[in-house]
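Let me begin by presenting the structure, written as structure tokens, before commenting on it.
Numbering of ligands and ligand atoms starts at 1, following listing order.
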Amino acid sequence: MNAETTPPKTPYEALGGKEVIARIVNRFYDLMEGEEQYAPLRAMHVPDLGPMRDSLTGWLSAWAGGPRDWFEANPGKCMMSAHRGLGIEKDVAIQWTDAMARAIADCGPEDKDLAKAMAERLDMMAMGMVAE
Ligand code: HEM
């Protein structure tokens, strides 16, 4: 394939694929479990975060244009709707977004603009999940 026919990389590929996404997710939940400032966010989740580590890795991979396994296993499931009933308060949404921005920065996808865009979009989603 020459340059004209090579399709552009998906965000998933540009981020470093499953390896980097799983690293980001694990760092995110380690921060949530380990730091007192995220205790209210941690308290909303079930004790075992193992399944969440897999689920968020799968969701982010599909969202970024990678393998669609998570979407196929959860047909039609909308993340915004799934969070609507949780009664998320703004302080807790800020904790989510703060831990995620740190995890993305710590796990350093090489494409810094893409890393910034990812953190910004997830921040917008998290803020949209705040209960009215
Ligand atoms: C705004 C702050 C957020 C809070 C407080 C929050 C909280 C939660 C909670 C309590 C659960 C249920 C997990 C459990 O039973 O332990 C959950 C599931 C989940 N959340 Fe969030 N969440 C937030 C934002 C987000 C965002 C922005 C995303 C991604 C865009 C996300 C992705 C997920 C995924 C993939 C699941 C698993 C759903 C499943 O496997 O069915 N969350 N979240």
task: Just jot down the ligand 1 atoms closer than 4.0 angstrom to any heavy atom of Val92, in number order.
output: 5 (C)
- prompt: Which of the numbered atoms in ligand 1 are below 4.0 angstrom from a heavy atom of Ala93?
  reply: 1 (C), 2 (C)
message: Students should be able to answer this: which protein heavy-atom is nearest to atom 8 (C) of ligand 1, and at what distance?
response: His45 NE2, 3.4 Å
query: How long is the span from the CD atom in Gln37 to the CE atom in Met32, to the nearest 0.5 Å?
result: 12.0 Å
field: For ligand 1, the portion of Leu41 having any non-hydrogen atom under 4.0 Å away
entry: side chain
- prompt: Are the side chain of Asn26 and the backbone N or O of Ala22 linked by a donor-acceptor pair below 3.5 Å?
  reply: yes
- prompt: Looking at CG of Leu114 and CE of Met118, how far apart are the two atoms once the value is rounded to the nearest 0.5 Å?
  reply: 8.0 Å
query: Which residue and non-hydrogen atom of the protein lie closest to atom 16 (O) of ligand 1, and at what distance in Å?
result: Val46 N, 2.9 Å
- prompt: Going by distance alone, is a donor N or O of one side chain under 3.5 Å from an acceptor N or O of the other, for Trp70 and Ser55?
  reply: yes
- prompt: What do we get for Leu86 next to ligand 1 when only non-hydrogen atoms under 4.0 Å count, side chain, backbone, both or neither?
  reply: side chain
field: Interatomic distance, Glu35 atom CD to Gln95 atom CD [nearest 0.5 angstrom]
entry: 11.0 Å
task: To the nearest 0.5 angstrom, please state how far the OG1 atom of Thr97 sits from the CZ atom of Arg102.
output: 13.0 Å
field: Shortest reach to atom 22 (N) of ligand 1 by a heavy atom, considering only His83, Gln95, Met127, Met32
entry: His83
task: Any chance you could measure Met129, atom CE, to Glu89, atom CD, to the nearest 0.5 Å?
output: 16.0 Å
- prompt: atom 40 (O) of ligand 1: which protein heavy atom is closest, and how many Å away?
  reply: Ser55 OG, 2.6 Å
field: Leu86 CG to His45 NE2 distance, which is reported to the nearest 0.5 Å
entry: 8.0 Å
field: Atom CE of Met124 with >12 non-hydrogen neighbours under 6.0 angstrom
entry: no
query: Identify the closest protein heavy atom to atom 34 (C) of ligand 1: which residue and atom is it, and at what distance?
result: Met79 SD, 3.6 Å
message: Counting only heavy atoms, tell me which of Met52, Met100, Met44 gets closest to atom 18 (C) of ligand 1.
response: Met52
task: Give a yes or no on whether the ring-centroid distance for Trp63 and Tyr12 is below 6.0 angstrom.
output: no
Lys77 near ligand 1 by a heavy-atom separation under 4.0 Å: yes
query: Of all the non-hydrogen atoms in the protein, which one sits nearest to atom 4 (C) of ligand 1, and at what distance?
result: Ile88 CD1, 3.6 Å
message: Among all protein heavy atoms in this structure, tell me which lies nearest to atom 29 (C) of ligand 1, with the distance rounded to 0.1 Å.
response: Trp59 CZ3, 3.8 Å
task: Taking only heavy atoms of Met125 into account, list the atoms of ligand 1 that are under 4.0 Å away from them.
output: 30 (C)
- request: Starting from atom 26 (C) of ligand 1, locate the nearest protein heavy atom and write down its residue, its atom name and how far away it is, to 0.1 Å.
  value: Trp96 CZ2, 3.2 Å
